[in-house]
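First comes the structure, then the notes that go with it.
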Amino acid sequence: MLGLGAAGVAAAPYLQSGLESFLGSAADKDPTGLTRLLPNGGGFRYYSVATSVPRKGPNNYRLKIDGLVERPVTYTLDDLRAMEQTRIVRDVQCVTGWRVPDTPFEGVQLSRLLAAAGVRPEGRAIRFTCFDGTYSESLTLQQAGRKDVLVALRMQDKPVSHTHGGPVRLYVAPMYFYKSAKWLSGITVTDKVRPGYWEELGYDVDAWVGRSNGRDDAPTV
Ligand SMILES: Nc1nc2c(c(=O)[nH]1)N[C@H]1C(S)=C(S)[C@@H](COP(=O)(O)O)O[C@H]1N2
Ligand SMILES: [Mo]
C-alpha cells in the first residue's frame, strides 16, 4: 500500500503547474510557492488537474446518469435542489496530508439517485466524470450505496463555489478527498471498477481514511 507511489511523485510537477495556472492571480501573490492556502479558504487547497474549467450554473449545469441503469436521466441544478438534502459534517482529509476539521457538506445521497435510475443486475461499480474534461473517479456499487456519499450542492454551508467544484461535486465522506470529484457531470454505472485519474497514477482505488477517523462504519441504505 504505497499510496502515493513512484507514479504519483512523477506526476507532481504536472499537478503543480496545473495548480499554478488554475490559481492564476492567487499564485502570483505567492511567489515563494510555499503556501497554497487561499484567503478565506479555511485551510483548503484548490486542486485541479485541468488548467481551465468552464463555469456552470442553473442555466447550463447538467448531471447525466447512464450506463447499466433501467432509466437513464439528466438532472438540472433545480432538479437536484428540489430533492431531499442530507447534511454531513466530517473532517476533510487530503492524501497529501492536509486536513480541514468539521466541514459541512450538503446534497442528495448518491444512493437515492441510483435507486431512481434503477441499477441493472450486472451493475457493479460507478464511474464519475467531470465537466473539466479530464478528471474521473470510481466507487464500487457497495461503496456508492453508503449514506455518507453525497452529490453535494453545498459545502461550508454555502453553495459549492466554482473553485471547490461547483455547482455540484461528489462528496465521499469516508475516503480521502481525491475521491470527491469536483465539477461532477456524469455518473455511469459500469460492470467493473475503472480506476480514476489519480488512481491510474498510483493512488489507492479504495481510499478509506481509516478506522482511527471513525468513518468506515456508516451503514449502507
Ligand atoms: N475535477 C477534479 N476533482 C478533484 C480534483 C481535481 O483535480 N479535479 N482533485 C481532487 C483532490 S486530490 C482533492 S484533495 C480535492 C480538493 O478539493 P478542493 O479544491 O475543493 O480543496 O478535490 C479532488 N477532486
Ligand atoms: Mo488531494
Side-chain angles (χ1 to χ4, degrees), residues 2-5 7-9 11-24 26-27 35-56 61-64 88 90-107 110 126-139 149-188 195-210 213:
L2 286 175
L4 234 186
V9 172
Y14 176 61
L15 169 66
Q16 196 71 3
S17 72
L19 251 178
E20 266 152 26
S21 14
F22 188 70
L23 285 166
T35 40
R36 292 285 165 211
L37 301 178
L38 299 190
N40 307 319
F44 279 93
R45 293 156 194 231
Y46 288 106
Y47 280 1
S48 176
V49 296
T51 48
S52 77
V53 181
R55 282 173 188 271
K56 291 195 187 274
Y61 176 77
R62 298 289 181 274
L63 176 62
K64 189 173 172 186
I88 298 176
R90 301 281 170 79
D91 297 354
V92 158
Q93 175 83 56
C94 174
V95 73
T96 59
W98 55 274
R99 172 192 285 243
V100 185
D102 300 331
T103 306
F105 284 84
E106 198 174 325
L110 175 62
I126 316 288
R127 175 168 169 80
F128 302 93
T129 47
C130 306
F131 65 81
D132 64 5
T134 306
Y135 204 74
S136 57
E137 255 307 335
S138 69
L139 288 174
V149 178
L150 304 180
V151 168
L153 310 184
R154 294 171 67 81
M155 172 176 169
Q156 299 173 299
D157 291 321
K158 305 182 290 269
V160 180
S161 67
H162 174 70
T163 33
H164 279 305
V168 178
R169 80 181 294 170
L170 187 68
Y171 175 58
V172 184
M175 295 192 175
Y176 285 112
F177 208 27
Y178 64 86
K179 280 285 175 184
S180 294
K182 300 166 40 158
W183 307 294
L184 182 66
S185 59
I187 296 176
T188 303
Y197 182 93
W198 283 120
E199 296 157 9
E200 292 277 16
L201 295 170
Y203 282 25
D204 290 339
V205 172
D206 284 326
W208 303 113
V209 169
N213 234 5

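Each ligand, and each atom within it, is numbered from 1 in the order the structure gives. The model shown is predicted, which means the values in this text are computed figures rather than measured ones.
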Residue part near ligand 1, for W183, under 4.0 Å between non-hydrogen atoms | side chain
Could an N or O of ligand 1 be found under 3.5 Å from any N or O of Y178, whether backbone or side chain?
-> no
Number the atoms of ligand 1 from 1 as they appear, then name those within less than 4.0 Å of a heavy atom of Y46, with their elements.
-> 19 (O)
Ligand 1 atoms in contact with S48 (distance to a heavy atom under 4.0 Å) | 6 (C), 7 (O)
R45: numbered ligand 1 atoms lying under 4.0 Å from its heavy atoms = 18 (P), 19 (O), 21 (O)
Side-chain contact, heavy-atom cut-off 4.5 Å: Y171 with E106?
-> no
Within the side chain of S136, is there an N or O that forms a donor-acceptor pair under 3.5 Å with the backbone of T129?
-> no
Which atoms of ligand 1 have any heavy atom of D132 under 4.0 Å away?
-> 1 (N), 2 (C), 8 (N)
Taking R169 for its side chain and H164 for its backbone only, find out whether a donor-acceptor pair lies under 3.5 Å.
-> yes
Region of S180 engaging ligand 1 - heavy atom pairs below 4.0 Å | backbone
Pair E199 + K179, salt bridge at N-O below 4.0 Å = yes
Residue pair C130 / A181: nearest heavy atoms and the distance that separates them = SG-CB, 3.8 Å
Look at the aromatic rings of F177 and F44 and report parallel, tilted or perpendicular, splitting at 30° and 60°.
-> tilted
For Y197 and ligand 1, answer yes if some heavy atom of the residue is under 4.0 Å from a ligand atom, otherwise no.
-> no
Please confirm whether R169 comes under 4.0 Å of ligand 1, counting heavy atoms of the residue only.
-> yes
Filtering Y176, F44, F128, Y47 for the heavy atom nearest atom 12 (S) of ligand 1 leaves Y47
Going by the atom numbers of ligand 1, which of them fall below 4.0 Å from some non-hydrogen atom of C94?
-> 14 (S)
Going by the order shown, which atoms of ligand 1 are within less than 4.0 Å of some heavy atom of W98?
-> 14 (S), 21 (O)
Looking only at heavy atoms, the pair that brings A50 and T134 closest together is CB-OG1, 4.1 Å
Heavy atoms of L150 and G107 approach each other most closely as CD1-N, 3.9 Å
